[in-house]
S.K.: 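Following this message is one structure expressed as structure tokens.
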Amino acid sequence: MQSLPFEIFTSDEVKVIESDFAKDNNGHCYDLMLKAGHAVFDAIFNYVERPKEVWVFCGKGNNGGDGYVVANLLLESQIPYRVFAIGVPHEGSEASIAYEYFIKQGGVIEYELPNFGNIDDGIIDFPKPDVIVDALLGTGIESAPQGNMSKWVAFINQLDTFTISVDIPTGVVADTGFVPGVCVCADVTVCMLALKPGLFTSDAVDLVGDIVFAPLDIDARAYYNLFEDGMYRYPLPIVRISYDDVLNQLPVRALNANKGDNGKVLVIAGDVGMGGAAIICGRGALRTGSGLVKVATARENFAPLLSNQAELMTVDLDDLNAVRKAIAWADVVAVGPGLGVTEKSAAILSILDDNEDKVFVYDADALNLLAHYEQNYYKENRVITPHPGEAARLLGCTVDEVNSDRLLACYKLWQKYGGVVLLKGAGTIICNGQRLTIINDGSPALAVGGSGDLLTGVIVSLLGQGLENEIATIVGAAIHARAGKLAGLDGGVIGTLSCDVTNYVRKLVNGKC
């Protein structure tokens with residue numbers, strides 16, 4: 001086993017790697033299947049020291065073949081097992097070789113689920129195994145498991161036993177993380193040969209458990225970025241990044257630095273009744289290291305803003321001349337949190353359009369304005385940070401369509417709007433037209449109002465401190481995600497507020513966590 005690599009490959013790309021392996025190995029990948037089975041077998045004992053019984057559920061494809069290799073190792077090790085097969089592998093396939101060898105060694109296979117009577121009522125009154133191995137379906141699915149397969153998945157979940165999935169939990173679309181129907185809830189997923197994008201985003205993040213990487217003695221990185229554009233599902237290479245991977249990108253403060261050296265940030269946010277968005281965004285910029293932060297907000301917000309964060313400066317949102325001067329003063333501008341979709345806010349965006357020499361972070365209502373007025377589409381000097389609902393409005397599609405393929409939705413947003421796109425959600429995705437980056441960090445503690453406003457403040461601050469647009473967005477997202485995780489650990493994810501998350505941003509931007 002190895003630590004998780006940065007590079008991620010789609011299922012079609014993995015097939016190419018396997019095909020190349022087969023060319024040099026008598027036209028088949030059976031050796032890879034043996035290594036995959038050993039990797040799962042090892043994972044069993046890494047997580048459950050002395051399993052008394054292991055049940056292996058096998059499909060008809062190569063995923064099932066891996067399961068038969070595991071079952072044979074259990075047989076050889078004299079560990080009690082039961083193997084349940086939903087069918088017989090296709091003759092001549094690698095899975096068929098593993099299946100026949102298991103039988104030849106004396107292995108026993110059951111083709112029906114055990115009848116335990118009242119399990120359908122949710123009552124488990126029989127001895128359960130210590131471990132289940134899910135080897136039903138692999139990376140090739142695009143739709144929900146049907147018929148008997150769906151019943152077998154439901155049965156595995158009803159057992160509520162420690163479950164290890166082979167390559168991907170049955171029911172997860174490997175390239176997208178979308179779960180179109182029933183799905184095995186795994187405690188561990190042993191991913192073979194190369195990491196698949198669906199492990200790190202969308203519905204799958206709740207279902208894959210711990211991810212164990214088994215390279216099978218192949219260095220897939222040699223193939224990275226070699227696939228031709230347009231041949232596969234996504235036209236850009238994909239990487240996985242967490243906070244630990246961006247430590248060398250954090251801003252560094254010189255000993256002789258003054259406030260003007262550390263970024264002059266303008267936050268345009270918070271119309272009447274939405275002052276909290278302005279406070280959170282401005283505070284996020286300060287805690288990330290901005291030297292000076294002005295907030296253009298409704299006058300009604302001045303007193304609460306200054307009483308909550310005295311270091312912030314204020315600009316009257318209704319005074320467009322004052323806003324124009326503040327834009328000219330700023331190095332970078334964040335616009336949108338709590339701004340409202342009004343003629344006034346539309347006029348502010350028009351002012352921003354006249355400033356091609358600055359970088360702007362568009363969030364919340366700035367994105368809604370883009371979608372509403374259908375103008376100012378493609379710009380290189382802009383970072384946009386939509387959540388799935390805003391992304392759907394920007395693309396003119398449904399939220400379900402966005403969530404069913406978040407990587408593709410992020411790429412389409414970049415095609416239409418340019419610059420850098422950050423698509424929020426479980427497994428945040430960032431696209432700059434050169435690559436797709438999945439942020440492999442975060443916590444449901446971030447599922448609270450104000451969290452996105454804080455992220456905007458973090459990103460605009462890093463831009464003001466000189467980080468390049470994509471790097472600032474990736475580093476900001478990684479800091480924000482890890483801060484959410486730490487805040488959730490400190491007292492629990494439920495009830496965590498954005499101000500709790502902000503408390504960790506300062507430590508993280510200094511590399512102190």
Side-chain angles (χ1 to χ4, degrees), residues 1-9 14 35-51 54-57 63 66-67 69-70 73-74 128-139 153 156-157 159-179 183-216 220 238-245 425-428 438-446 478 481-482 484-486 488-489 492-493:
M1 304 293 176
Q2 295 181 354
S3 60
L4 298 185
F6 297 117
E7 300 84 1
I8 291 179
F9 296 83
V14 171
K35 292 174 183 178
H38 276 274
V40 176
F41 184 76
D42 290 344
I44 293 173
F45 292 91
N46 286 337
Y47 283 89
V48 181
E49 187 174 354
R50 293 184 179 87
V54 179
W55 290 5
V56 184
F57 291 80
N63 201 253
D66 296 343
V69 175
V70 175
L73 292 168
L74 293 168
K128 298 191 297 182
D130 296 308
V131 179
I132 284 172
V133 175
D134 159 35
L136 288 172
L137 292 174
T139 60
V153 171
I156 290 172
N157 289 338
L159 289 177
D160 193 25
T161 294
F162 191 88
T163 300
I164 298 177
S165 285
V166 178
D167 215 14
I168 197 89
T170 294
V172 172
V173 180
D175 288 343
T176 67
F178 181 57
V179 177
C183 177
V184 168
C185 299
D187 296 284
V188 176
T189 298
V190 183
C191 182
M192 309 301 176
L193 200 151
L195 296 178
K196 288 76 179 179
L199 294 168
F200 302 100
T201 192
S202 196
D203 304 327
V205 298
D206 284 316
L207 301 164
V208 298
D210 291 348
I211 297 172
V212 175
F213 177 54
L216 311 184
I238 308 170
V239 294
R240 175 204 62 84
I241 295 291
S242 70
Y243 169 75
D244 301 312
D245 304 315
T428 289
I438 302 176
I439 302 299
N440 183 207
D441 221 326
S443 166
L446 293 170
R482 182 61 62 87
K485 181 181 289 186
L486 293 173
L489 291 172
V493 299

S.K.: Would you give the length of the straight line joining atom CZ of F213 to atom CG of L193, rounded to the nearest 0.5 angstrom?
M.R.: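 Answer rounded to 0.5 Å: 7.0 Å.
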S.K.: Answer yes if the side chains of S242 and D441 hold a donor-acceptor pair under 3.5 Å, and no otherwise.
M.R.: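 The answer is no; no qualifying pair exists.
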S.K.: Is K128 paired with D160 through a side-chain N to carboxylate O contact shorter than 4.0 Å?
M.R.: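 Not counted as a salt bridge, because no side-chain N and carboxylate O are separated by less than 4.0 Å.
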S.K.: A side-chain contact here means heavy atoms from C-beta on lying under 4.5 Å apart; do D203 and V172 qualify?
M.R.: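 They are not in side-chain contact.
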S.K.: Should F41 and V69 count as side-chain neighbours, where that means a heavy-atom distance under 4.5 Å?
M.R.: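 Of all side-chain heavy-atom pairs linking V69 with F41, none is under 4.5 Å.
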S.K.: Once you round to the nearest 0.5 Å, how far does CG of D130 lie from CH2 of W55?
M.R.: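 Answer rounded to 0.5 Å: 11.0 Å.
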S.K.: Is the shortest heavy-atom distance from the side chain of T170 to the side chain of F57 under 4.5 Å?
M.R.: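 The answer is no, as the side chains (C-beta and beyond) never meet within the 4.5 Å cut-off.
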S.K.: Heavy-atom distance under 4.5 Å between the side chains of V70 and I44, does that happen here?
M.R.: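 Yes, close enough: below the 4.5 Å cut-off.
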S.K.: Identify the two heavy atoms, one from V48 and one from P51, that lie closest to each other, and give their separation to 0.1 Å.
M.R.: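 Distance-wise, the nearest heavy atoms are O-CD, 3.3 Å.
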S.K.: When you measure from the side chain of R240 to the backbone N and O of L4, does any donor-acceptor pair fall under 3.5 Å?
M.R.: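 Between the backbone of L4 and the side chain of R240 there is a qualifying donor-acceptor contact (under 3.5 Å).
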S.K.: Can you find a heavy atom in the side chain of V133 that is under 4.5 Å from one in the side chain of V166?
M.R.: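 Answer yes - side chains close enough.
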S.K.: Among N157, T163, V56, exactly one meets side chain to side chain contact (heavy atoms under 4.5 Å, CB included) together with I132. Which residue is that?
M.R.: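 Going through N157, T163, V56 one by one, the side chain to side chain contact (heavy atoms under 4.5 Å, CB included) with I132 is satisfied by T163 alone.
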S.K.: Might you work through the side-chain contact (heavy atoms from CB on, under 4.5 Å) test for V212 and I164, ending with a clear yes or no?
M.R.: CA-CA 10 Å; V212 175; I164 298 177; over 6 Å; no
S.K.: Of all heavy-atom pairs between L199 and L195, which one has the smallest distance, and what is that distance?
M.R.: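 The pair with the smallest heavy-atom distance is CD1-CD2, 4.5 Å.
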S.K.: In Å and rounded to the nearest 0.5 Å, what is the CG to CG distance from D210 to D187?
M.R.: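 The distance works out to 8.0 Å.
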S.K.: Let me see the working for D66 and V40 under side-chain contact (heavy atoms from CB on, under 4.5 Å), right down to the final yes or no.
M.R.: CA-CA 8 Å; D66 296 343; V40 176; 5.7 Å; no
S.K.: Search all heavy atoms of V184 against all heavy atoms of S165 and return the closest pair with its distance.
M.R.: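 Heavy atoms of V184 and S165 come nearest at CG1-OG, 3.8 Å.
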S.K.: Quick one: CZ on F6 to CG on D245, what's the gap to the nearest 0.5 Å?
M.R.: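 Going from CZ on F6 over to CG on D245, the span is 4.0 Å.
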S.K.: If the threshold is 4.0 Å, N to carboxylate O, is there a salt bridge linking R482 and D244?
M.R.: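 Answer for the salt bridge query: yes.
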S.K.: Just verifying a value: how many Å separate D134 CG and T189 OG1, rounded to the nearest 0.5 Å?
M.R.: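 Going from the CG atom of D134 to the OG1 atom of T189 covers 8.0 Å.
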S.K.: Got P129 and F162 here, is their nearest side-chain heavy-atom distance under 4.5 Å?
M.R.: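 They are not in side-chain contact.
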S.K.: Quick one: which of D167, D175, T139, T176 gives a side-chain hydrogen bond (donor to acceptor under 3.5 Å, both in side chains) with K196?
M.R.: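 Single pass found, and it is D167.
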S.K.: Please report the shortest heavy-atom distance between V190 and A214, naming the atom on each side.
M.R.: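 Closest approach of V190 to A214, heavy atoms only: CG1-CB, 4.2 Å.
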S.K.: Taking all heavy atoms of A194 and all of F9, pick out the closest pair and write down the distance.
M.R.: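 That would be CB-CD1, 3.5 Å.
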S.K.: Is T201 reaching over with its side chain to a backbone N or O of A426, donor-acceptor style, under 3.5 angstrom?
M.R.: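 Side chain of T201 to backbone of A426, a donor-acceptor pair under 3.5 Å: yes, one is there.
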S.K.: Give me the atom names and distance for the closest heavy-atom approach of V493 to S443.
M.R.: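 For V493 versus S443, the nearest heavy atoms are CG1-OG, 3.6 Å.
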S.K.: So V208 and P169, do their side chains get closer than 4.5 Å, heavy atoms only?
M.R.: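 Contact flag for P169/V208 side chains = yes.
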S.K.: Would a 4.5 Å heavy-atom cut-off, applied to side chains only, mark I211 and F200 as touching?
M.R.: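 Touching, per the 4.5 Å side-chain cut-off.
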S.K.: Is a side-chain donor or acceptor of T428 paired with a backbone partner of I439 at a separation under 3.5 angstrom?
M.R.: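 No, because the side chain of T428 does not come within donor-acceptor range (under 3.5 Å) of the backbone of I439.
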